[in-house]
Amino acid sequence: MRARLEMELGDVPGQLVKVLEPISRFGGNIQSVLHQRERKTPLGRIPVTVIFEVDERAKLNRIVATLRKMGIHIIQIGEREGMVKSTILLVGHIIHTDVRDTIDRLNALKGVMVSDLSLAMGAVGEESAARVTIAAADDARAKAALLKLGEIAAKKKLLMIKLLGER
Amino acid sequence: MMKLALIGFGNLGRGFSRVLLEKAKFLRNYGLTPRVIAAVDEYGAAIDEDGLDLKKLLKLAEKRGAVTAYPKAKKGKLALDVIEKVNADIVFELTPTNIKTGEPGLTHIKKAMLAGRHVVTSNKGPLVVAFRELDRLARRQGVEFRYSASVGGATPVIGLAKKLLAANEVHAIRGVLNGTTNYILTRMSKEGAPFDVVLREAQELGIAEKDPTLDIEGTDTASKITILANAILGMDAKLKDVKVAGIRRIRPEAIRLAQEAGYTIKLIGVAKRDLLEVGPRLVPLGHPLAVGGTLNAVTFETDLAREVTITGFGAGPRETSSALLGDLIDIHRSLGG
């Protein structure tokens, strides 16, 4: 998932490095840092927004707990859309059953996007295989997307291969 | 002395007999001296209440393809007769599996229990057709009933869950339970060869049967899931309750796409209280269930121990004899031996 932390830091040297360290240490992969010196608060603090990828909520919790323990003032914790990823394989007449329609119907779901599709064509008349990556805003939406794809696959007679442990 | 009757004397019956000979001295450490007093196949029965000469029986049966070659053997369909009248302590039901009717194994097992004999079987048929009925009958008759060899072959799947994990509640069972399909998928992933080519190779090696339908359509895995659901989750499940997809549509390109993303494709059976299912699944490379070749692997998800995975060899008369002989020793112990 992509996490977004809004914080206020004191205007003294070394503050930014101090907050980035635990994010990296607990497995966060920093995507961007927004340091807004021009928007200094009345108390003279500087708003900083850090966006990072992290693969487990437990890790995000640990990062937040550590920052709080360090006395960092956290204004808001947000999770950005598109960060629960599911990989699915499809086998069947994927193109002839209108792959465009398959993708459009998934994209039509709220908070769901087909973020990657790799296709391996079979010989003429034979079935093809596709690997689909679906990005969803959260677990519930990811589940809904898989359910939808299951319905589409059943109608289009595609074999849907899900991850071990996924329903 | 423990008197055994072997019902079914094909590959498995013979393999088990060979292991009994090989392990005779070893078994005495357990205070166990098993004697095979009857061996039955579809042509007849070799019977000797004092114990058959197993070496001789194996030699003759191998040469002539039937137990009737043994001195004074009787001809005809004699399984039920032997089960009822010959004074065996344990009946080993080792006839071929019929998952539709469970027969003839089902009748053999019931008759044996009604005659007050303990039963050990490798036969999935009776277990998918009438597990609860047989379980109840064994209790009512006060006889021991073991079927370790029916799932996992040499890999002690049932024993692990029922005995060693006895303190746990098992939430889910997931596994690679069919060596043939796992061999095919492994070869396809390593060689990029098409399904039909790999299937033919497996048939030539004797890994796949001439009619491989039950394996590749997932039915064999579904049978094992049914047995595990009954034996370990305490369900009253039948084969038809399992949602099944096989591996016939898996193409090498599909496996390649999976590998590019860090996965492999395995035929996975799942038993949960609200879901019985068999089908191809993406398994992360390096996951304990991502076993190669003809291996079996099963993961139990439990409340205390969390996840426990066991891996080992499935099919093969010698490997399966490990489970059959283990059941014999287990019964011997249960009876205070």
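Numbers restart at 1 for each chain; the letters A, B, ... are given by sequence-line order, proteins then strands.
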Side chains of [Y] and [X]: any donor to acceptor distance under 3.5 Å?
| X | Y | answer |
| --- | --- | --- |
| B:Asp327 | B:Ser148 | yes |
| A:Thr102 | A:Lys156 | yes |
| B:Asn123 | B:Thr121 | no |

Could you check whether B:Asp241 pairs with B:Lys238 (Lys NZ or Arg NE/NH1/NH2 to Asp/Glu carboxylate O, under 4.0 Å)? no
Between A:Ser128, A:Gly122, A:Gly92, A:Ala120, which shows the greatest number of heavy-atom pairs under 4.5 Å with chain B? A:Ala120
Using a cut-off of under 4.5 Å for heavy-atom pairs, which of B:Arg249, B:Glu277, B:Glu253, B:Arg174 has the most such pairs with chain A? B:Arg249
Which one, B:Ile265, B:Ile268, B:Ile250, B:Asp274, leads in non-hydrogen pairs under 4.5 Å with chain A? B:Asp274
Go through the atoms of B:Leu275 and report whether side chain, backbone, both or neither lie under 4.5 Å from a heavy atom of chain A. both
